[in-house]
Amino acid sequence: MGKSFEPKIVAFACRWCSYAGADMAGTSRMQYPPNARIIRVNCSGRVDPIFVLRALKLKADGVLIAGCHPGDCHYLTGNYQTARRVALLKEYLKAMNLEPERLRLAYVSAAEGAKFAETMKSFVNEIKTLGPNPLSNGGQD
Amino acid sequence: MAELVKQPKIGVFICHCGSNIAGVIDIPKLLEYTERLPHVVIATDYRFMCSDPGQGLIREKIREAGLNRVVVAACSPTLHETTFRRVLNSMGVNVYYFDMANIREHCSWVHSGEEDAALEKAKDLVRMAVARAAELEPLEQKESDVKPSVLVVGAGISGIQAALDVADAGYKVYLVEKEPSIGGHMAKLDKTFPTLDCSSCILTPKMSLVGQHPNIELLTCSEVQEVSGYVGNFTVKVERRPRYVIEDKCTACDDCVEVCPVNVPDEFNAGLSWRKAIYIPFAQAVPNAYVIDTEHCLGMTPIACGKCKEKCEPEAIDYEMESEILELEVGAIIVATGFELFDGRRVLEYGYGLYPDVTTNLEMERMLSAAGPTEGKIVRPSTLEKPKRIAYVQCVGSRSERYNPYCSRVCCMAALKQARQIREKYPDIEVTIFYIDLRAFGKGYEEFYESSARDYGVSFVRGRVSEIRHSFESDKLVVRAEDTLLAQPIEMEADMVVLSCGLEVFSDAEKLTRALGIQRSGDGFLLEAHPKLRPVDTNTDGIFICGAAQGPKDIPDSVAQAKGAAASALTMLSAGKVILQPYAAVVDEDLCAGCGCCEASCPYSAVNVVDNRAQVTEEACKGCGTCAAACPNNAISPQHFTIEQILAQLEALFQEAK
Amino acid sequence: MTKPSLAVETLSICSGCEIAILDLHDALPGVLDAIDLKYIQVLMDFREPPKEGVTVGFVSGAVRNEEQVELLHKMRERSAVLVAFGACAAFGGIPGLANLHTKEEILKEVYIDTKSTVNPDGVIPHKVVPPMLPELHPLSDYVKVDYVLPGCPPPPKLIAELVTCLLEGREFKLEPKTVCDECPLTKEEKNVTHFYRWGTKRIDPERCVLEQGFQCMGPATQSGCEARCPTALAPCRGCFGPTEAVDDQAAKMIGAIGSITTKDFKESSPDQTAKEIPDIVGTYLRFTFATSTFKKAINMGTAKPKEAART
């Protein structure tokens with residue numbers, strides 16, 4: 001490849017906490033790696049497991065779901081439901097021989113710009129350690 | 001025909017935001033890339049898209065190119081989504097045919113050193129927004145009527161003030177209080193800082209106004225059980241426990257109290273005196289009627305006791321009374337459930353509950369009150385003699401890793417006030433306050449502190465008290481601390497110690513917040529929608545909060561917040577209508593099999609299975625979309641965040657750039 | 001006028017689907033009167049589909065070896081209408097779970113590692129038997145399928161209905177609703193505290209089995225079977241696959257499970273729930289793994305089906 005591996009990451013961020021947290025990171029000019037693209041949803045609970053699977057099938061190197069902290073969900077329980085889905089999805093990924101670390105759930109509040117930037121940094125680093133999505137080097141048709 | 005109209009014609013407007021975006025992202029390249037995206041009929045840039053000329057440019061292009069969808073690549077939608085939607089609206093384009101690519105907060109500002117990567121990311125974000133825009137559907141905003149009534153939960157000073165303001169504006173108020181009388185903590189206070197007004201003198205008139213107000217329906221001994229509905233249209237179930245005394249018949253003659261054989265520590269006097277099992281909470285109680293404390297009553301039958309009923313001439317006592325569930329219809333809810341005092345017993349090393357002479361700030365308040373258990377005299381509880389030295393221990397349960405990390409905000413001033421009252425009444429009693437920091441932040445507070453120290457000789461030691469023990473030799477308490485100004489440990493003997501117990505969230509907060517669907521912050525108090533700009537709103541529309549339920553607060557702040565909450569509720573009520581975002585979930589009847597997973601997922605009970613099909617109560621649905629992720633057959637979807645729209649973004653992201 | 005003809009080809013399968021045809025019972029003579037049954041291996045001694053003139057071709061079973069690819073193409077060429085008959089033909093079925101392993105792993109397990117095998121030389125058969133494909137495929141990976149009749153096996157009632165439709169020239173289509181639509185059990189409230197293996201807990205015979213903590217696939221499974229398993233108090237296993245609205249049954253079940261588990265949330269509860277569902281793929285993709293998002297476990301090699309799908 002020549003160039004070093006730059007992971008492509010999809011981030012689903014809830015409108016009330018994490019998307020606003022990402023905005024906060026921007027307003028505070030915090031620098032973090034440019035690997036992720038955010039898809040805004042109203043609630044992390046909106047993240048249909050099919051979105052995660054489809055992203056990985058489309059050769060995303062990592063998927064981040066960012067929602068409100070437990071107890072702070074704007075929609076009360078959406079993040080709890082997501083937390084359970086993520087735990088089950090990780091089992092699914094393991095069965096597919098995909099590293100479960102490629103899917104991460106993070107709790108970032110609207111005030112936590114720094115945490116958003118940190119999360120991005122650590123996730124990108126983790127994915128760099130894992131290497132590219134195995135599907136992108138001919139793992140499957 | 002109609003299909004032609006639906007054919008997406010997307011215009012993309014790229015904002016430079018001065019140099020905020022253009023300083024990092026190569027706009028000409030982004031523009032050139034954007035022009036080639038599917039459905040994009042025009043792509044253009046401008047220095048400030050949100051400015052009047054920028055908005056004018058969008059209008060002009062919509063007209064010229066017949067755009068039916070618009071994407072603005074600029075800042076966060078949180079900032080300007082509404083601005084640009086208005087532009088679409090003015091051009092007769094449905095406002096939901098709009099999307100934003102956030103290339104400032106999420107791109108130029110956070111990747112300023114990586115221009116190439118930032119450009120690539122901006123291209124992706126624009127491509128994703130365009131793909132989503134092509135899938136957008138027109139939606140209609142809905143209006144809903146607002147019921148002209150308000151529920152106020154909690155009748156301390158905050159609840160009372162909020163209730164009076166709403167009622168005075170001409171709307172019906174249901175004021176729910178779990179205790180037999182309104183008044184809350186303020187009714188127990190002797191004087192209030194920094195002006196030393198008599199607490200009951202300023203509170204009692206308000207309480208009596210509440211009791212007599214034609215627009216206020218007072219429900220004491222009552223608690224909220226269940227809340228359903230949505231902004232403007234809440235249905236609240238309230239349980240009203242029996243008093244066993246018919247308020248209208250009771251003449252408050254006290255005959256029943258005289259014959260009642262049971263003595264119970266009086267909670268109004270912080271347990272420093274006794275009351276009977278049938279009692280009036282305090283002299284100025286509203287409603288001014290007796291209540292039977294069933295926990296301590298010997299038994300409401302003539303066989304067990306029944307003396308009070310026998311004695312009551314107006315036949316106001318009814319042992320057969322039962323709990324009732326009231327169903328209230330209200331447009332807005334104000335939560336003013338106040339605080340609870342930190343239980344000093346939890347700090348074992350201070351010996352509260354073990355040594356009788358260790359008391360709390362509330363007990364001292366009752367002692368200072370002329371209507372209190374000692375008629376205003378200060379006495380050592382163990383000997384009932386006048387103490388020679390009193391030590392105050394600040395921050396009990398507050399500013400502590402072990403208990404509550406927050407500052408309770410009122411204890412410094414309360415301790416100063418009590419100390420000053422004691423010194424005024426008994427110049428021979430020494431008062432020493434052990435503090436970490438003295439916080440006298442309010443209007444007139446610093447002056448109050450200065451004069452308490454200067455004119456009344458209250459002394460201070462800076463240091464958190466580590467231990468309080470009892471000395472058998474002197475029969476006094478020994479307060480041990482480090483004087484951090486002298487950097488040495490000290491021990492001081494005192495006849496009495498007053499613990500400045502902090503404020504904690506009201507008991508049963510979890511039950512109430514769950515019923516209401518509102519949240520709490522990390523400290524346990526109720527969470528406001530925005531800490532600065534929406535301090536009395538919650539994230540649930542139509543539910544407001546005020547007073548110490550939201551966080552420790554003194555009386556002026558509580559009253560100010562209560563007035564704010566009342567004004568917010570009144571704004572809604574007087575408008576008469578609320579606008580609902582059309583993000584509600586819709587059910588595809590062809591796919592729905594009525595399994596009920598959506599019903600289980602809905603945080604608002606907005607989805608219900610009726611006749612084996614899911615039904616959405618549109619007004620209750622907030623559009624979170626959790627039901628869509630829960631639906632095993634993709635039969636339900638929130639509008640504006642449909643599976644197609646999100647998958648379009650996702651697929652677009654992974655399309656190789658052409 | 002000649003009677004329309006029916007040919008049934010059997011690929012990688014247990015032959016239960018063919019038996020289901022016999023389960024038509026009283027309706028069978030009527031069907032046999034109306035059609036000319038040309039080929040069905042479980043009843044007739046033919047080894048290849050008829051050379052021509054098949055009106056309706058049923059293919060049961062999935063595609064696992066090269067011979068089956070050939071047979072499938074023959075059936076497609078010779079049939080006017082091709083029906084993927086049963087879960088294996090439609091989605092790969094239970095044999096599709098073999099896609100969790102490589103071909104090499106499977107052969108080694110079967111011919112060498114199993115306890116009951118005596119194979120001192122470690123010989124893996126490779127002569128006479130048709131070469132095995134790297135992974136298992138549903139029919140639609142190779143040919144155009146006109147109708148899908150899912151089920152393990154398809155219910156006789158639906159077989160009769162499909163045949164009748166074809167004879168009368170009507171469209172056959174299952175309404176895209178899930179099993180819950182037909183299920184007679186009572187749904188009360190979905191608030192599941194724990195999940196149980198079937199048979200380890202007494203079942204309330206009136207109430208939705210999913211609500212009782214059993215992994216019922218009904219909510220994510222195409223209806224048409226008249227909820228035959230839940231009616232018998234056995235959780236639905238999903239043999240009809242997802243409806244046309246869904247492409248991954250497991251994704252949808254995970255979505256649903258996240259929402260129906262107990263509302264008393266603790267940090268540990270997601271892991272607890274995951275622990276109680278030990279085999280996600282075997283539970284939620286029991287019949288449809290070969291048509292799910294990934295179709296097989298990743299990094300099994302790069303081989304593609306030998307021939308591209310013909311339409």
Side-chain angles (χ1 to χ4, degrees), chain A residues 6 8 10-16 19-20 22-52 54-55 57-60 68-69 71-82 85 109-111 113 116-117 120, chain B residues 75-79 100 102 104-114 116-118 120-121 124-125 128 132 513-514 517-522 527 529-531 539-540 583 600-604 622-631 634 638 640-641 643 646-647 649-651 653-655:
Chain A
E6 283 300 334
K8 204 155 192 183
V10 189
F12 294 94
C14 79
R15 172 201 209 98
W16 303 100
Y19 193 92
D23 281 354
M24 175 64 82
T27 316
S28 326
R29 311 295 200 280
M30 289 162 179
Q31 303 296 303
Y32 58 83
N35 303 67
R37 311 289 183 257
I38 294 182
I39 293 181
R40 185 170 71 139
V41 284
N42 272 343
C43 176
S44 61
R46 172 67 187 100
V47 180
D48 192 319
I50 199 68
F51 300 160
V52 175
R54 188 69 69 84
K57 175 77 174 176
L58 289 165
K59 301 172 186 169
C68 309
H69 284 271
D72 292 352
C73 180
H74 180 77
Y75 301 104
L76 320 176
T77 59
N79 55 354
Y80 294 165
Q81 300 181 39
T82 304
R85 288 176 189 141
S109 81
F116 184 84
M120 277 298 162
Chain B
C75 51
S76 171
T78 318
L79 231 54
M100 282 188 89
N102 184 344
R104 191 180 75 173
E105 280 86 343
H106 293 185
C107 194
S108 66
W109 274 352
V110 287
H111 312 310
S112 51
E114 304 168 88
D116 293 343
E120 287 313 307
K121 182 167 178 176
D124 286 352
L125 292 174
M128 289 161 77
R132 172 175 163 78
T513 51
R514 284 204 172 159
I518 60 173
Q519 292 128 59
R520 298 199 279 156
S521 42
L527 181 71
H530 188 284
N539 282 327
T540 304
Y583 296 159
S601 80
C602 183
Y604 301 98
K622 314 269 175 193
C624 69
T626 305
C627 55
C631 176
N634 292 342
H640 213 55
F641 290 90
I643 193 164
I646 294 171
L647 283 180
Q649 277 172 286
L650 200 56
E651 305 265 351
L653 171 54
F654 291 98
Q655 268 161 20

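We name chains A, B, ... by the order of the sequence lines, and we start the count at 1 in each one.
- For the pair B:His111 and A:Pro33, the tightest heavy-atom approach, listed with the atom from each and the gap, is CE1-O, 3.6 Å.
- Note that the OG1 atom of B:Thr626 and the OH atom of A:Tyr80 stand 13.0 Å from one another [nearest 0.5 Å].
- Interface remark: A:Ala20 contributes no atoms to any contact with chain B (heavy atom separation under 4.5 Å).
- Atoms CD1 and CZ, from B:Ile643 and A:Phe51 in turn, are 5.0 Å apart once rounded to the nearest 0.5 Å.
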Cut-off 3.5 Å, no hydrogens considered: what does the side-chain donor-acceptor table look like for residues 40-50 of chain A, sequence neighbours left out?
residue, atom, partner, partner atom, Å
A:Arg40, NH2, B:Glu81, OE2, 3.0
A:Asn42, OD1, A:Arg15, NH1, 2.7
A:Asn42, ND2, B:Gly623, O, 2.9
A:Arg46, NE, B:Phe641, O, 2.9
A:Arg46, NH2, B:Phe641, O, 3.0
A:Asp48, OD1, A:Ile50, N, 3.0
A:Asp48, OD1, C:Lys252, NZ, 3.4
A:Asp48, OD2, C:Lys252, NZ, 2.7

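- The CG atom of A:Asp23 lies 5.5 Å from the CG atom of B:Asn102; values are rounded to the nearest 0.5 Å.
- Per-residue heavy-atom pair counts under 4.5 Å with chain B were compared for A:Gly78, A:Ala25, A:Ala60, and the maximum is reached by A:Ala60.
- Each of B:Leu647, B:Thr540, B:Thr78, B:Leu125 has some count of heavy-atom pairs under 4.5 Å with chain A, and the biggest count is that of B:Leu647.
- No part of B:Leu79 comes within reach of chain A, as not one of its non-hydrogen atoms sits under 4.5 angstrom from that chain.
- Residue A:Phe116: no heavy atom, backbone or side chain, is found under 4.5 Å from chain B.
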Inset, instruction - Apply the test side chain to side chain contact (heavy atoms under 4.5 Å, CB included) to residues B:Val110 and A:Arg29: give CA-CA distance (whole Å), side-chain angles for both, the deciding distance (0.1 Å), then the verdict. - result: CA-CA 5 Å; B:Val110 287; A:Arg29 311 295 200 280; over 6 Å; no

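- Annotation: maximal heavy-atom pairing with chain A below 4.5 Å, among B:Ser112, B:Cys627, B:Ser108, occurs at B:Ser112.
- Put simply, the side chain of B:Lys121 gets close to the backbone of A:Ala36: a donor and an acceptor are under 3.5 Å apart.
- Contact count versus chain B (heavy atoms, under 4.5 Å) is highest, among A:Arg85, A:Met120, A:Met24, for A:Arg85.
- Residues that satisfy the ring pair (Phe, Tyr, Trp, His ring centres under 6.0 Å) test with B:Tyr604, not counting sequence neighbours, are absent from this structure.
- The two residues A:Ile39 and B:Met128 come nearest to each other via the heavy atoms CG1-CE, 3.5 Å.
- For B:Ser601, the parts sitting under 4.5 Å from any heavy atom of chain A are the backbone and the side chain alike.
- If you tally non-hydrogen atom pairs under 4.5 Å between each of A:Gly113, A:Ala55, A:Gly26 and chain B, the highest count goes to A:Gly26.
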Inset, instruction - Apply side chain to side chain contact (heavy atoms under 4.5 Å, CB included) to the pair A:Ser28 and B:Trp109, showing each step before the final yes or no. - result: CA-CA 8 Å; A:Ser28 326; B:Trp109 274 352; over 6 Å; no

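- In summary, the side chains of B:Glu105 and A:Thr27 do not present any donor paired with an acceptor at a separation below 3.5 Å, with no hydrogens or angles considered.
- The structure places CZ of A:Arg37 at 13.5 Å from CD of B:Gln649, a figure rounded to the nearest 0.5 Å.
- Both the backbone and the side chain of A:Gln31 come within less than 4.5 Å of a heavy atom of chain B.
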